[in-house]
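Note sheet for the following structure.
Atom set for the values below is all heavy atoms of this structure, side chains included, hydrogens, waters and symmetry mates excluded. Read the numbers this way: they start at 1 and go in the same order the structure lists the ligands and their atoms.
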Amino acid sequence: MNMLTNHPPTEALQAIDSAHHMHPFTNGAALAEIGPRIIKSARGVWLTDTNGNRILDAMAGLWCVNVGYGRDSIAEAAARQMRELPYYNTFFQTSHVPAIALAQKLAEIAPGNLNHVFYALGGSDANDTNVRLVRHYWAAMGKPTKTAIISRKNAYHGSTMAGASLGGMSGMHAQGGLPIPGIHHINQPDWWSEGGEMSPKDFGIARARELEAKIAELGEDNVAAFIAEPIQGAGGVIIPPESYWPEIQAICDAHEILLIADEVICGFGRTGKMFGSQSYDIRPDIMTVAKGLSSGYAAIGASIVSDDVAQVVAEAGEFNHGYTYSGHPVSCAVALENLRILEEEKLVENVAEVTGPYLAEKWQALADHPLIGEATIRGFMASVAMTPDKSARAPFEAPKGTVGLIARGHAFANGLVMRHVGDRMIVAPPLVLTKSDVDLMIERAVKVFDLSLAQIKDEGIYR
Ligand SMILES: *Cc1c(COP(=O)(O)O)cnc(C)c1O
């Protein structure tokens, strides 16, 4: 029996899954108890599971399915490329048409002087590339001591050794001997949780100045780069105060360090501009891209590198780095078709001018709900902070994430994929979400918050 065309019923699949499949970011024993929800197919913004339930995917998979599910033209582009040239490498002085065409396209749409593409398979390994690239760059510039990389607590930059080290997730650092040497973390611009009595504006500036203090502490001669997401995604959609990025940019300009914008989530329209850097007037030396680059239809990531950095690296001899599947032809063909759709259907403009403002109005109104403290949104990434006391911005009297997990459960049960990060609930829907989809999503979200509030009152968590 071919399981792909004729699969056993859900319970049997769940048993096989728990017998043989190790899941990322999952408690395996706990999952074996309940069994995973198994997604069978998807169209537009809708998932269908093996029990026939339809679920509105307000997370676009893992923040990646920007053009929505079920795009035949992408499937055709992949099939065509598989027949023409399923694989060839880009090592050893060879290239191929899809890698060339996509590099040209990325250079065209990337801001400023970001005109050079080094391919990876996703965001994590693109960030590994960045670590080696910036150190190699400074060595080539005659400054081999500039190796330290400054990042932020609660940032997410992937799951490889370097990616997870750059990230500031304490749970990840607790396993596997991380962070690797040479990575330093400053505090995040999360005003809701950490801003205390300060105004958002003053707090944004104070948090940005931690970068300057860290550069001084390490010594400018020892610092290679600062890396940050324009808006932290996996950290809980932490939208920084407007004062934050201008101050960070000024500090980077005043010091001899490279700025890496991790655009893996923000890129390709999510913030209402093609790149998050454009939403915040950030001028990065390198951008990390993945996720929305292919809308998740194939595995691909990249570092998009400035003229200056690329030229120094090109003249520095061989860069001893690369992946077997760097610039995979099928992934590049998929990405090109995805970008064509993004542009032709004006999805980014739509987020900026039509559905984004509509969603923003409805999303911000969630702050009136008794469970919700703040409701923040930029483009098509949004979050709410749940709290028992809005004015004090207080946490619950339960371990962090307890209420988030309860709310996520109600969301799943009510046909809505929302994610929880601690006690924040987040959404990042496909960019094709329509106004009527927005209405349905908000209606379901309100129901989720009503049910969650009732449950935590029952359980004595809400006081
Ligand atoms: C998802 C993500 C990554 C990691 O990308 P993978 O494709 O999972 O390796 C890196 N940076 C950010 C900002 C991300 O959201």
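- Using modelled atom types and a 3.5 Å distance limit, the side chains of Ser306 and Asn113 yield no donor-acceptor pair.
- No option in Asn127, Asp128, Asp125 other than Asp128 meets the side chain to side chain donor-acceptor pair (under 3.5 Å) test with Thr160.
- Between Gly122 and ligand 1, a contact under 3.5 Å exists for no N or O pair.
- Every atom of ligand 1 with a heavy atom of Asp262 under 4.0 Å away is listed here by number and element: 10 (C), 11 (N), 12 (C), 13 (C).
- Within the 4.0 Å heavy-atom criterion, both parts of Tyr156, backbone and side chain, lie near ligand 1.
- Side-chain atoms of His96 come within 3.5 Å of backbone atoms of Gly327 as a donor-acceptor pair (strictly under, hydrogens ignored).
- Protein heavy atom in closest approach to atom 8 (O) of ligand 1: Ser124 OG, 4.0 Å.
- Of all atoms in ligand 1, listed by their number and element, those nearer than 4.0 Å to a heavy atom of Glu229 are 13 (C).
- Partner Gln188 forms a side chain to side chain donor-acceptor pair (under 3.5 Å) with one of Arg152, Lys153, Gln232 and no other, that one being Gln232.
- If you look at His157 next to ligand 1, the close heavy atoms, those under 4.0 Å, all belong to the backbone.
- Ring to ring, Phe268 and Phe275 are close: their centroids are under 6.0 angstrom apart.
- Among all protein heavy atoms, the one lying closest to atom 1 (C) of ligand 1 is Lys291 NZ, 1.5 Å.
- Checked options Thr355, Val65, Val45, Leu342; the residue passing with Leu431 is Leu342 (criterion: side chain to side chain contact (heavy atoms under 4.5 Å, CB included)).
- Given atom 7 (O) of ligand 1, the protein heavy atom at minimum distance is Gly123 N, 2.9 Å.
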